[in-house]
Amino acid sequence: MYKPIFKKRSVLKFTHFTNKGYALFACVGREVIIGVLTAATIEASAATAMSRQTDKITTDSTVTSGIKQLEEVQVVGTRAPLGHSQQSRMVTVLSRDDIQGAPVQSINDLLKMAAGADVRQRGPLGSQTDISLRGSNYEQIAILLNGISLNDPQTGHNAFDFPVDIADIERIEVIEGPACRVYGTQSLLGAINIITKKPTKPTLTAHLEGGSYGYLGTGARGAWTDGTPFAHTLSGSYMRSDGYSRSKAGTLNADYSTAKAFYQGFFSHPGIEVSWHAGISSKNMGSNTFYGAQWDDQYEHTLKTFTAIQAEMQQGKLHMKPAFYWNHNEDRFELFRDNPDKYPFNYHRANVFGLNLNTWFDSRLGRTALAAEMRNEDLVSTNLGETLDNPKHIHGSNRMYEHGLNRTNLTLIAEHNVVLRRFTLSAGVAAVKNTQADMSMRLYPSADICWRITDKWKVYASYNTSLRMPSVTELYYSVGGHQADSHLKPEELQAVELGAKYVTNGINAKASLFYNRHKNLIDWIRHTSDGPDAPWQSVNFGHINAIGLHADLQSDLRKLMPWQHLLRRFTIGYAYMHQSQQEHHDIQSRYALEYLQNKLTASIAMNIYRQLMLDIHYRLQHRKGSYTDINGNPQTYGTYNVVDARLAWEATGYKLFFDVNNITNRKYVDYGNIPQPGTWVTGGISITL
């Protein structure tokens with residue numbers, strides 16, 4: 001018989017914690033509280049409280065009343081690294097668990113889960129997607145891979161041609177609102193940062209899947225470490241589909257194929273960490289009626305390569321993080337597929353070189369960051385840019401690049417962070433100069449404040465300003481019924497945000513209210529009174545004010561209801577926005593006035609039987625704006641809702657899954673005249689060795 005012993009104290013050391021239902025703590029049958037006691041308390045924002053091991057500022061020196069993460073995940077909402085709980089911005093994180101349970105096959109589809117993201121697809125499974133945040137368009141957000149910019153100066157339409165497979169991703173960070181101080185001038189209204197996995201042990205994974213409309217997807221990923229400071233990952237993937245629609249002539253016009261390869265290396269040593277990556281993405285895509293409803297047999301080929309190296313070093317109190325990257329983009333657009341005699345193909349090639357240096361240091365006054373970023377964009381084209389003095393040959397053809405543009409953007413950033421026990425202040429300024437606009441140095445200040453009322457509640461407020469340079473397409477695309485303005489002014493934005501966040505054992509909730517004031521907003525518009533052949537013109541649309549709110553709730557149902565084993569997780573999110581300027585009677589907008597006014601997302605994850613999991617996702621969207629159909633009649637976007645689901649058997653070493661997208665077979669469009677597919681079924685297997 002067991003003999004109870006009371007008031008006996010002993011020290012227990014745990015090296016791994018988990019919240020799974022079958023874990024040790026769950027088996028005890030009681031709530032186990034893990035307390036963290038720091039070695040030193042916070043006095044103002046003394047540097048001694050800013051540890052090198054986690055690069056975050058410890059804020060509590062007493063035993064907490066809930067489960068604490070021993071090493072808090074860092075997300076980048078400031079120029080100097082802070083822990084997630086210390087951020088003064090709304091940062092949505094799609095974790096590895098979110099990714100594994102989602103009924104998606106691409107990063108683009110995955111972002112539909114974020115209530116604050118507007119995902120406008122021209123084709124499914126990532127064939128082409130425009131993604132925006134808080135009423136922005138696809139040009140106004142920064143797209144990053146491990147903190148390295150992937151933005152294309154030609155156009156944002158192809159910005160999501162990532163070289164990584166969804167199996168490579170550790171998490172996705174979505175920063176909503178201007179982020180010029182953090183990610184530079186491309187982040188007018190936010191940023192999406194893709195974080196890839198870092199290997200901890202040798203693994204080999206492979207997946208194979210197939211489904212409706214001739215869909216086939218396959219890929220493999222290997223990771224290895226050999227006991228040295230080095231680690232490596234290598235992955236490759238391939239996807240193809242016949243597409244879900246046909247041209248009037250009965251030929252394929254939404255088919256696509258894409259191949260990707262990605263390598264990443266790591267070196268870790270006391271005082272220095274280095275990482276480098278190289279990737280390539282090649283895509284062939286039937287473009288349906290993507291760029292004009294009167295032509296239904298368009299086609300596009302893109303080739304992108306990405307290389308980067310970045311390091312993090314510490315010399316005394318000074319932390320330095322230099323980075324260098326080179327992105328190479330090629331694009332061939334065919335208005336009439338395989339028929340250059342009917343209309344010449346458009347060719348574009350861009351090389352983007354970037355050099356970043358981010359430094360920060362701790363003092364008794366807080367954490368200070370200083371940074372400099374230089375980005376050179378060099379584009380040659382058959383129809384975009386100024387006339388070249390020396391035309392360049394187009395590889396694989398008998399034609400020449402006769403136009404082009406070269407511009408350099410310089411950004412200098414200063415930021416200071418003060419972290420008290422329950423208070424965080426981050427303030428700074430970005431100084432920007434761009435050679436293309438012949439603009440003088442401009443200053444864009446920002447400030448974020450966060451007050452942690454209790455261990456569960458925090459409130460925050462922010463004021464941010466930002467700008468964006470026009471894309472080369474916006475400046476020079478004057479073909480096919482378009483008239484561009486090469487003298488467009490940079491877009492500028494002022495934004496104010498108030499928010500609150502509540503975190504407890506099993507519940508994570510947040511809500512924010514924001515106000516955006518746009519200046520010189522760029523849009524493509526046309527005057528409908530001029531008839532259906534009226535040209536689309538790129539213009540600085542003027543001032544537009546927008547107000548909105550965003551709320552998210554995530555609940556761990558196993559923690560809230562430990563007596564049941566069916567329900568695992570429930571999430572719900574809602575975003576609303578209203579613009580002061582609505583669509584005019586005589587003006588049709590292509591982007592600025594076609595904004596997502598309401599979006600509701602919800603999901604529930606269930607454990608049906610043993611390792612059998614069921615995840616159901618729902619979203620409802622209402623878009624403002626209108627478009628002209630192929631018969632010349634005006635149409636409004638209105639409202640639609642979609643239900644997706646994944647049924648998966650998750651066992652040690654393998655996973656079987658079955659996805660159904662658009663279960664109710666709803667007919668809808670994300671972009672005018674491009675209907676999205678009905679019910680789409682896929683299934684597959686993933687193996688891990």
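The structure displayed is predicted, hence computed values, not measured ones. Below, all heavy atoms of this structure are taken into account, side chains as well, without hydrogens, waters or symmetry copies.
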Q: Take R646 and F658 through the test side-chain contact (heavy atoms from CB on, under 4.5 Å) and record every step on the way to the result.
A: CA-CA 6 Å; R646 163 168 288 190; F658 178 75; over 6 Å; no
(Q) Are I141 and I192 packed together at the side-chain level, in the sense that at least one heavy-atom pair is separated by less than 4.5 angstrom? (A) yes
Q) How about I107 and I172: do any of their side-chain heavy atoms sit closer than 4.5 Å? A) yes
Q | Heavy-atom donor-acceptor pair, E139 side chain to G156 backbone, under 3.5 Å | A | yes
Q) Ignoring hydrogens and geometry, is there a side-chain-to-backbone donor-acceptor pair from T639 to R623 under 3.5 Å? A) no
Q: Measure the acute angle between the ring planes of Y576 and Y574, then classify it against the limits of 30° and 60° as parallel, tilted or perpendicular.
A: parallel
Q. Between the side chain of S282 and the main-chain N/O of L303, is any donor-acceptor distance below 3.5 Å?
A. no
Q | Residue pair H565 / R558, side-chain donor-acceptor N/O under 3.5 Å | A | no
Q) Judged by modelled atom types alone, do D552 and H550 share a side-chain donor-acceptor pair under 3.5 Å? A) yes
(Q) Tell me which one of Y477, Y343, W536, F333 satisfies ring-ring contact (aromatic ring centres under 6.0 Å, His included) with Y291. (A) F333
Q) Under the side-chain hydrogen bond (donor to acceptor under 3.5 Å, both in side chains) criterion, do N661 and T679 qualify, and how do the steps go? A) CA-CA 6 Å; N661 297 99; T679 302; over 6 Å; no
Q: Output the distance between atom CG (N158) and atom CD1 (I143), rounded to the nearest 0.5 Å.
A: 12.0 Å
Q. Between W276 and H232, how do the two ring planes meet: parallel, tilted or perpendicular, split at 30° and 60°?
A. perpendicular
Q | H301 side-chain N/O to K283 backbone N/O, donor-acceptor pair under 3.5 Å | A | yes
**Q.** Test log, rule side-chain hydrogen bond (donor to acceptor under 3.5 Å, both in side chains), inputs D109 and Q121
**A.** CA-CA 9 Å; D109 293 324; Q121 289 190 318; 2.6 Å; yes
Q: Check whether the side chains of T636 and S626 place a donor and an acceptor atom closer than 3.5 Å, and report yes or no.
A: no
**Q.** Sidechain N-carboxylate O distance under 4.0 Å for D644, R619
**A.** yes
(Q) Distance to the ring centre below 6.0 angstrom and angle to the axis at most 45 degrees; does that hold for K342 and F336? (A) yes
Q: Let me see the working for D165 and K260 under salt bridge (Lys or Arg N to Asp or Glu O under 4.0 Å), right down to the final yes or no.
A: CA-CA 7 Å; D165 186 68; K260 301 178 181 181; over 6 Å; no
Q. Is a side-chain N or O of S555 found less than 3.5 angstrom from the main chain of L557, in a donor-acceptor match?
A. no
**Q.** Which residues share a side-chain hydrogen bond (donor to acceptor under 3.5 Å, both in side chains) with H328, sequence neighbours left out
**A.** E330, N351
Q | Side chain N607, main chain R610, donor-acceptor under 3.5 Å | A | yes
Q. Counting distance only, does the side-chain N/O of R568 pair as donor-acceptor with the main-chain N or O of M606 below 3.5 Å?
A. yes
**Q.** Side chains of S281 and T258 in contact at under 4.5 Å (non-hydrogen atoms)
**A.** yes
Q | Distance-only polar pair, side chains of T196 and Q264, donor-acceptor under 3.5 Å | A | yes
**Q.** side-chain hydrogen bond (donor to acceptor under 3.5 Å, both in side chains) between N288 and S245, worked out
**A.** CA-CA 8 Å; N288 199 327; S245 67; 3.2 Å; yes
Q) To the nearest 0.5 Å, how far apart are OG1 in T601 and NZ in K599? A) 6.5 Å
Q) Just wondering, do P103 and H617 contact through their side chains at under 4.5 Å, heavy atoms? A) yes
Q. Should E209 and T218 count as side-chain neighbours, where that means a heavy-atom distance under 4.5 Å?
A. no
Q | Under 3.5 Å side-chain donor-acceptor pair for D168 and S235 | A | yes
Q) Say you draw a straight line from CD of Q186 to OG of S471; how long is it, rounded to the nearest 0.5 Å? A) 11.5 Å
**Q.** Stepwise side-chain hydrogen bond (donor to acceptor under 3.5 Å, both in side chains) check, Q310 with N146
**A.** CA-CA 10 Å; Q310 50 190 331; N146 296 317; over 6 Å; no
Q: Decide, yes or no, whether a salt bridge links R246 with D297 under the criterion of side-chain N to carboxylate O below 4.0 Å.
A: no
Q) Measuring from S149:OG to N193:CG, what's the distance to the nearest 0.5 Å? A) 10.5 Å
Q: Apply side-chain contact (heavy atoms from CB on, under 4.5 Å) to P199 and list each qualifying residue two or more places apart in sequence or on a separate chain.
A: A223, T225, A231, T233, F266
Q.
Determine whether D130 and R122 satisfy the following criterion, salt bridge (Lys or Arg N to Asp or Glu O under 4.0 Å), listing intermediate values before the conclusion.
A. CA-CA 8 Å; D130 294 344; R122 287 183 168 91; 2.9 Å; yes
(Q) Using the rule given for side-chain contact (heavy atoms from CB on, under 4.5 Å), can you reason through Q621 versus Y640, listing the C-alpha separation, both sets of side-chain angles and the distance that settles it, and then say yes or no? (A) CA-CA 6 Å; Q621 297 187 179; Y640 73 84; 2.9 Å; yes
Q: Let me see the working for F306 and H277 under ring pair (Phe, Tyr, Trp, His ring centres under 6.0 Å), right down to the final yes or no.
A: CA-CA 8 Å; F306 307 88; H277 71 240; 7.8 Å; no
Q) Any chance the side chains of S247 and N253 put a donor and an acceptor closer than 3.5 Å? A) no
(Q) A side-chain contact here means heavy atoms from C-beta on lying under 4.5 Å apart; do H207 and K655 qualify? (A) no
Q) Going through the distances and angles, do V174 and L111 end up as a side-chain contact (heavy atoms from CB on, under 4.5 Å)? A) CA-CA 9 Å; V174 181; L111 288 167; 4.2 Å; yes
Q) For residues K501 and S512, is any side-chain donor paired with an opposing acceptor at under 3.5 Å? A) no
Q: Give the C-alpha distance, both sets of side-chain angles, the deciding distance and a yes or no for salt bridge (Lys or Arg N to Asp or Glu O under 4.0 Å) between R120 and E594.
A: CA-CA 11 Å; R120 304 185 70 179; E594 288 187 1; 2.9 Å; yes
Q | salt_bridge(D556, R569) N-O dist < 4.0 Å | A | no
Q) Is it true that R134 and D118 make a salt bridge, defined as a side-chain N closer than 4.0 Å to a carboxylate O? A) no
(Q) Donor-acceptor pair, distance only, cut-off 3.5 Å: does the side chain of S187 make one with the backbone of A191? (A) no
(Q) Could you tell me if Q154 and D331 have a donor-acceptor pair between their side chains, going purely by distance under 3.5 Å? (A) yes
Q: Could you check whether the rings of Y591 and Y671 sit parallel, tilted or perpendicular, using 30° and 60° as the cut-offs?
A: tilted
Q.
salt bridge (Lys or Arg N to Asp or Glu O under 4.0 Å) for D152 and K304? Distances and angles first, verdict last.
A. CA-CA 10 Å; D152 188 339; K304 294 177 176 287; 2.9 Å; yes
**Q.** Donor-acceptor under 3.5 Å (K248 side chain, W295 main chain)
**A.** no
Q. Is there a donor-acceptor pair closer than 3.5 Å between any side-chain N or O of Y213 and the backbone N or O of D255?
A. no
Q.
Between Y215 and W680, is there a side-chain heavy-atom distance shorter than 4.5 Å?
A. yes
